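None of the values given here were measured: they were computed from a predicted structure. Read the numbers this way: they start at 1 and go in the same order the structure lists the ligands and their atoms.
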Amino acid sequence: MPSPTQTAAWQALKQERRAWNSLSLRELFAEDKKRFERFSLQLDDLLLDYSKNLIRSQTLKLLLKLAKEAGVEALRDAMFTGEKINLTEGRAVLHTALRNRSERPVMVDGRDVMPDVREVLSRIRAFADRVRTGKWKGHSGKPISDVVNIGIGGSDLGPAMACLALKPYGGNIRAHFVSNVDPSHLHDTLEDLDPATTLFIVASKTFTTQETLLNAQAARAWLLASLPSPPGVPKGRGCIRGAGATSSKMGEGTTPAIAKHFVAISTNEEAVKAFGIDPANMFGFWDWVGGRYSLWSAIGLSIALYIGMDEFEELLAGAHDMDEHFRNAPLAENMPVLMALLGLWYNNFWDAQSYAVLPYEQRLARFPAYLQQLDMESNGKGVMRDGKPVKVSSGPVLFGEPGTNGQHAFYQLIHQGTKLIPCDFLAAAQSHNDVNGQHAVLLSNFLAQTEALMRGKTATEAETELTASGMGKREIKALLPHKVFPGNRPTNTLLYRKLTPRTLGRLIALYEHKVFVQGALWNVNSYDQWGVELGKQLAQAILPELTGGKATGKHDASTNALIARLQPVGDE
Ligand code: F6P
């Protein structure tokens with residue numbers, strides 16, 4: 001695939017950008033009463049209104065031409081058919097197989113992976129049903145009331161985001177998530193839990209992730225210290241406090257209590273066994289599932305335990321709806337493709353560095369954090385698929401907060417700051433919990449923001465308002481520049497009926513495919529993450545200096561001085 005800048009469309013888009021110096025969205029809306037109809041798209045109850053973007057028909061035509069010239073369709077088909085498009089790791093990229101609701105086989109290395117996918121799903125169903133109905137008992141015979149997912153990155157963010165989003169579908173099991181190696185995270189989570197009724201899910205694709213293994217060891221120690229030990233196993237065995245940070249031996253804590261209170265999700269059976277979890281309590285997945293694309297796999301076990309398997313399958317079905325749309329809809333009517341092209345338009349032709357996702361839905365509070373990993377770990381790349389430098393700006397900085405909280409925090413900059421920040425606004429037409437007419441208030445804010453960002457407020461409009469308020473001419477003159485809103489600030493609106501598992505599945509898959517298309521356009525490999533390695537390596541070298549009490553002085557002056565300040569580590 002070429003560098004995008006070598007395409008004819010890229011050059012034409014530069015020209016198109018210049019034309020936009022004299023175009024205004026306000027005027028385009030005034031001139032074209034059909035602008036919404038022309039620039040919006042519906043997939044079942046999910047509406048994408050992209051009419052408040054800095055585009056006209058010509059812009060869209062060129063962007064779609066770019067997608068064609070960059071070979072997006074061919075790469076998309078290669079992904080769905082199991083080609084090893086993750087070149088640097090030699091892997092297929094098939095999270096779509098995990099939610100394949102059709103009878104279509106999905107081949108990897110000449111073998112259909114669907115029977116394995118279905119087998120794991122049926123094991124998840126059987127397990128979730130047993131736990132949720134109280135048939136799975138803890139070591140002391142009590143049913144499980146709380147599930148703690150221990151994982152990080154893709155083994156945490158997706159399930160944590162989804163469980164919060166789908167709270168109305170939650171049953172009798174509470175779900176908790178521990179990710180940070182900061183011991184306070186586990187401490188604060190366990191504080192209110194009863195070991196007799198707590199089930200730990202150790203979720204790690206590799207089962208080598210330091211944060212996850214240390215938290216899992218500490219959780220095991222907590223459990224064993226408080227549950228009766230079987231004969232011959234001293235109470236508290238497996239507690240590795242202090243030594244844990246450097247110990248890689250984890251196979252010492254196998255007890256019947258562990259068997260009742262620990263399950264693992266991983267692709268690494270050996271490491272799971274070494275930790276002391278019976279492979280019978282392990283749910284597997286495969287190397288063709290990237291960490292940040294894994295919530296559809298057994299990594300979603302905490303979701304299935306929380307909302308039940310039927311609703312979890314609805315989540316999968318929602319993602320499958322979007323997969324089918326992405327595979328089959330023409331580029332011009334393809335939601336992920338359009339969103340990707342609009343993002344690229346601002347990123348590469350308007351010099352936008354960032355991008356905000358603003359859900360007007362409190363339960364999507366973790367959606368921006370989830371998307372940060374999806375987008376920034378996937379497309380935060382400086383070289384193309386062939387290893388040559390990316391000559392254009394690649395993935396943006398993504399941030400966001402639920403509306404209306406963000407309005408009272410950072411929207412000032414989006415409205416009047418010097419940076420262009422394209423935004424996605426998301427909302428449900430119906431709330432799960434409307435009281436006091438508050439949902440209408442939420443929606444009025446949601447609509448007002450995109451209108452304000454598009455229209456802005458001219459100096460004349462601001463002056464008229466100030467005059468009407470009775471302000472004197474001199475005061476108006478001083479205040480006026482501060483009251484002007486430039487407008488012409490682009491937004492997408494995503495509107496859906498209600499936040500159901502199916503809708504959430506569609507939304508997540510929409511963003512996954514958007515990220516895929518942008519990766520294809522920038523010609524980067526969206527499926528590796530080598531950028532996280534260096535920090536991990538250096539931390540390994542620093543740890544003994546902190547715990548062994550001996551600084552080596554082998555770092556730069558800053559790092560040496562900071563290590564010295566931290567000697568000895570621990571309570572004073
Ligand atoms: O930080 C890098 C990363 O590999 C992520 O991509 C991944 O989601 C996370 O670590 C956790 O990895 P694992 O599931 O193997 O513990």
With heavy-atom distances below 4.0 Å as the criterion, list the atoms of ligand 1 near [X].
{"X": "G154", "value": "7 (C), 8 (O)"}
{"X": "G153", "value": "8 (O)"}
{"X": "T209", "value": "12 (O), 13 (P), 15 (O), 16 (O)"}

**Study point:** For the student: nearest non-hydrogen atoms of M339 and L494, plus distance
**Key:**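 Shortest heavy-atom contact: CE-CD1, 4.2 Å.
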
Check your understanding: Do NZ/NE/NH1/NH2 and the carboxylate oxygens of R327 and D77 come within less than 4.0 Å?
Key -> no

Practice item. Could you tell me whether E512 and R99 make a salt bridge, using a distance below 4.0 angstrom between a side-chain N and a carboxylate O? Key: yes

Distance under 6.0 Å and angle within 45° of the ring axis: does [X] meet both against [Y]?
{"X": "R76", "Y": "F326", "value": "yes"}
{"X": "R123", "Y": "F283", "value": "yes"}
{"X": "R220", "Y": "F275", "value": "yes"}

Report the nearest protein non-hydrogen atom to [atom]: residue, atom name, distance rounded to 0.1 Å.
{"atom": "atom 11 (C) of ligand 1", "result": "I152 O, 3.2 Å"}
{"atom": "atom 6 (O) of ligand 1", "result": "E377 OE1, 2.7 Å"}
{"atom": "atom 4 (O) of ligand 1", "result": "Q529 CG, 4.3 Å"}
{"atom": "atom 15 (O) of ligand 1", "result": "T206 OG1, 2.6 Å"}
{"atom": "atom 10 (O) of ligand 1", "result": "K536 NZ, 4.7 Å"}

Review point. Do F207 and ligand 1 have an N or O pair less than 3.5 Å apart?
Key: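 There is no such contact.
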
**Study point:** Heavy atom of E211, distance to ligand 1 below 4.0 Å
**Key:** no

Review point. Of the backbone atoms (N, CA, C, O) and the side-chain heavy atoms from C-beta on, which set of V532 has a member under 4.0 Å from an atom of ligand 1: side chain, backbone, both, or neither?
Key: side chain

**Study point:** Test side chain to side chain contact (heavy atoms under 4.5 Å, CB included) applied to L398 and L374, D424, L371, the passing residue
**Key:** L371

Review point. Are there protein heavy-atom neighbours of atom 8 (O) of ligand 1 below 4.0 Å?
Key: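 So far as the 4.0 Å threshold goes, atom 8 (O) of ligand 1 is in reach of a protein heavy atom.
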
Exercise for review: Nearest 0.5 Å please: distance from the CG atom of D116 over to the CG atom of L98.
Suggested key: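 D116 CG to L98 CG: 11.0 Å, rounded to 0.5 Å.
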
